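Since the structure is predicted, the reported quantities are computational estimates derived from the model, not experimental observations.
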Amino acid sequence: VQLQASGGGLVQAGGSLRLSCAASGRAFSLYAMAWFRQTPGKEREFVAAISRDGGTYYGDSVKGRFTISRDNAKNTMYLQMNSLRPEDTAVYYCAVDYLGVTTRPTSYDYWGQGTQVTVSS
């Protein structure tokens, strides 16, 4: 599986961005997928995940502002980010887990290259 994250950029606080994660390979609909983020010197932080049947899970810091979704026909996962804050600034990574949703980054089997999100105050 290869993952390609895109959609990052520079946005003002209160603005919105939509990240995409395109996956290659077969059986996309069987994977759990997730978004993590990381800033320099910090551990990778769980943002959101979506199970193979569409169940969604969010980190506390993004609940009510971010929405994760997937389009199995397009082999693509999305992260709609609204009401962005400067503390959302990070490199965002998408990941695949064959076994199911988890918040532990070490459980994920494949990772995309990351896309930078910068929120200015």
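Residue pairs satisfying the salt bridge (Lys or Arg N to Asp or Glu O under 4.0 Å) criterion with at least one member in residues 61-78, sequence neighbours excluded, are listed as follows: D60-K63, R65-D88.
Closest approach of T39 to A90, counting heavy atoms only: CG2-CB, 3.7 Å. Pairing each heavy atom of V47 with each of Y92, the nearest pair is CG2-CE2, 4.2 Å. Between G55 and Y57, the closest heavy-atom pair is O-CE1, 3.5 Å.
Under the 4.5 Å side-chain heavy-atom criterion for grouping Ile, Leu, Val, Met, Phe, Trp and Tyr, V62 is connected to V117 within one hydrophobic cluster. Using a 4.5 Å cut-off between side-chain heavy atoms of Ile, Leu, Val, Met, Phe, Trp and Tyr, with links allowed through other members, V1 and M33 fall into the same hydrophobic cluster. Note: the hydrophobic cluster containing I68 does not contain Y78 (ILVMFWY, side chain heavy atoms under 4.5 Å, direct or indirect links). Linking ILVMFWY residues whenever their side-chain heavy atoms come closer than 4.5 Å, directly or via other members, places V91 and W111 in the same cluster.
In this structure, CG in D97 is found 11.5 Å from OH in Y110, a value given to the nearest 0.5 Å. Taken to the nearest 0.5 Å, the OG1 atom of T76 stands 6.0 Å off from the CZ atom of F28.
Using a 4.5 Å heavy-atom threshold, the side chains of T67 and Y58 count as touching. You'll find the side chain of R37 stays beyond 4.5 Å of the side chain of L79, heavy atoms only. Counting heavy atoms from C-beta on, the side chains of S61 and E45 come closer than 4.5 Å. Between Y31 and M77 the shortest side-chain heavy-atom distance does not fall below 4.5 Å.
Of the possible donor and acceptor atoms, one in the side chain of T89 sits under 3.5 Å from a partner among the backbone N and O of V119.
Between F36 and Y108, the distance from one ring center to the other falls under 6.0 angstrom.
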Side-chain donor-acceptor pairs under 3.5 Å in residues 2-23, sequence neighbours left out?
{"from": "S16", "atom 1": "OG", "to": "N82", "atom 2": "OD1", "distance (Å)": "2.9"}

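The ring-ring contact (aromatic ring centres under 6.0 Å, His included) check on Y93 picks up nothing, with sequence neighbours excluded.
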